Amino acid sequence: MPLPHIALVVARGSNGVIGRDGDLPWRIRSDLQRFKAVTIGKPCIMGRKTWESLPLRPLPGRLNIVLTKDESYHEDPKAKGCVVCTSLDDALSIAREQASDDEVDEICVVGGSAIFEATLPRAKRLYITEVDAAPEGDVFFPRFDPSDWIETLNESHPAGEKDDHAFTFRTLDRR
């Protein structure tokens with residue numbers, strides 16, 4: 001089986017915002033359902049702030065790998081249920097091993113901004129939910145050159161009953 005590739009999974013506003021005050025700046029149930037469908041059964045790498053912002057920790061059915069500069073974080077009660085790594089290479093190595101054991105071809109990177117920025121150059125796929133809003137926020141998805149990517153999915157959806165905004169599911173694969 002080939003080495004599992006890196007996929008970034010993100011919802012972003014039209015202004016690039018992905019977070020505000022340690023939370024999502026919207027409620028879009030349809031996006032949460034897509035997030036689960038895309039990531040279930042795959043190792044997920046995230047930063048400490050993203051981990052601590054999860055309403056349910058760990059994400060069930062996935063190896064949760066938390067990247068932090070805090071070398072003692074594994075002792076923190078908040079770290080229960082995750083694998084703590086202090087280097088991206090260690091996190092990727094553990095994720096690749098788990099993906100291989102589970103026979104999945106993808107490692108999912110789920111935030112935040114610094115982790116996205118560090119992994120974007122290595123990513124083969126982007127799962128982006130484009131939210132039809134430009135909310136205030138303090139966390140942004142890094143800029144990237146769209147010409148480096150081929151869009152393989154583009155599904156527009158009106159806001160559903162439990163969605164704050166209309167949105168578009170996009171999948172981009174690196175050229």
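Keep in mind that what you see is a predicted model, and the values were worked out from it rather than measured.
Heavy-atom neighbours of Glu151 CD from other residues, nucleotides or ligands within 6.0 Å: above the threshold of 12. The number of heavy-atom neighbours closer than 6.0 Å to CZ of Arg29, taken from other residues, nucleotides and ligands shown, is 12 or below. Within 6.0 Å of CD on Glu97 lie no more than 12 heavy atoms contributed by other residues, nucleotides or ligands.
Using a 4.0 Å cut-off between charged side-chain N and carboxylate O, Arg27 and Asp31 make no salt bridge. At a threshold of 4.0 Å, the pair Asp148-Arg175 does not count as salt-bridged, since none of the basic side-chain nitrogens sits closer than that to a carboxylate oxygen.
Counting only heavy atoms from C-beta outward, the side chains of Leu92 and Arg122 approach each other to under 4.5 Å. Side-chain contact between Met46 and Leu67 is absent, with no heavy-atom pair separated by less than 4.5 Å. Residues Ile40 and Arg62 are in side-chain contact: their nearest non-hydrogen atoms beyond the backbone lie under 4.5 Å apart. Contact of the Tyr127 side chain with the Arg170 side chain is not registered, since no non-hydrogen atoms from C-beta on lie closer than 4.5 Å. Between Pro58 and Cys82, the closest side-chain pair of non-hydrogen atoms is not below 4.5 Å. Counting heavy atoms from C-beta outward, Pro4 and Glu106 have side chains that stay 4.5 Å or more apart. Proximity of Val10 to Thr129: side-chain heavy atoms (C-beta onward) are nowhere separated by under 4.5 Å. With a 4.5 Å cut-off on side-chain heavy atoms, Asn64 and Val83 do not count as touching.
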Audit row: Ile150, Leu172, side chain to side chain contact (heavy atoms under 4.5 Å, CB included) steps and yes/no: CA-CA 5 Å; Ile150 297 169; Leu172 307 176; over 6 Å; no
Verdict with reasoning, Asp70 to Ser72, per side chain to side chain donor-acceptor pair (under 3.5 Å): CA-CA 5 Å; Asp70 180 354; Ser72 65; 2.8 Å; yes
CA sep, side-chain torsions, deciding dist, call: Ile94, Cys85, side chain to side chain contact (heavy atoms under 4.5 Å, CB included): CA-CA 9 Å; Ile94 291 167; Cys85 292; 3.5 Å; yes
Derivation and outcome, side chain to side chain contact (heavy atoms under 4.5 Å, CB included), residues Glu130 and Phe167: CA-CA 5 Å; Glu130 303 282 5; Phe167 54 91; over 6 Å; no
Side chain to side chain contact (heavy atoms under 4.5 Å, CB included) evaluation trace for Ile28 with Lys162: CA-CA 6 Å; Ile28 301 178; Lys162 296 191 177 183; over 6 Å; no
Step-by-step side chain to side chain donor-acceptor pair (under 3.5 Å) determination, Thr168 to Ser156: CA-CA 4 Å; Thr168 301; Ser156 294; 3.3 Å; yes
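Pairing each heavy atom of Val104 with each of Gly41, the nearest pair is CG1-O, 3.6 Å. Looking at every heavy atom in both residues, Cys108 comes nearest to Val38 through SG-O, 4.1 Å. Pairing each heavy atom of His165 with each of Trp26, the nearest pair is CD2-CB, 3.9 Å. Considering all non-hydrogen atoms of both residues, Ala95 and Ile45 come closest at CB-CD1, 4.0 Å. Annotation for Lys78 and Trp51: closest pair O-NE1, 2.7 Å, computed over non-hydrogen atoms. Closest of all the heavy-atom pairs between Ala159 and Asp163 is CB-O, 3.7 Å.
Val17 is not connected to Phe169 by any chain of hydrophobic side-chain contacts under 4.5 Å among Ile, Leu, Val, Met, Phe, Trp and Tyr, and they are in different clusters. Hydrophobic clustering (side-chain heavy atoms under 4.5 Å, transitive across Ile, Leu, Val, Met, Phe, Trp, Tyr) groups Val9 together with Leu54. The cluster map of Ile, Leu, Val, Met, Phe, Trp and Tyr, joined by side-chain heavy atoms under 4.5 Å apart, puts Leu63 and Leu59 in different clusters.
Remark: side-chain polar atoms of Lys36 are not paired, donor with acceptor, to backbone N or O of Leu32 under 3.5 angstrom. Side chain of Arg125 to main chain of Leu8: no donor-acceptor pair is present (N/O by atom type, distance under 3.5 Å, no hydrogens or angles). Although no hydrogens or angles enter the test, the distance criterion places no donor-acceptor pair under 3.5 Å between the side chain of Asp173 and the main chain of Trp149. Judged purely by atom type and a 3.5 angstrom limit, Thr39 uses its side chain to pair as donor or acceptor with the backbone of Phe35. In terms of modelled atom types and a separation under 3.5 Å, the side chain of His5 and the main chain of Asp105 share a donor-acceptor contact. Remark: the backbone N or O of Tyr73 is not paired with any side-chain donor or acceptor of Asp76 at under 3.5 angstrom. The closest donor-acceptor contact from the side chain of Thr119 to the backbone of Ile115 lies under 3.5 Å. Using a distance-only test at 3.5 Å, with no hydrogens or angles considered, a donor-acceptor pair links the side chain of Ser53 to the main chain of Thr50.
Between the CD1 atom of Ile6 and the CG atom of Leu126 there is a distance of 11.5 Å, given to the nearest 0.5 Å. Of the inter-residue distances, the one linking Ser30 atom OG with Glu155 atom CD reads 11.0 Å to the nearest 0.5 angstrom.
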Residues 131-146, side-chain donor-acceptor partners within the protein, below 3.5 Å, at least two apart:
residue : atom : partner : partner atom : Å
Asp138  : OD1  : Asp21   : N            : 3.3
Asp138  : OD2  : Asp21   : N            : 3.1
Asp145  : OD1  : Ser147  : N            : 2.9
Asp145  : OD1  : Ser147  : OG           : 2.7
Asp145  : OD2  : Ser147  : OG           : 3.1

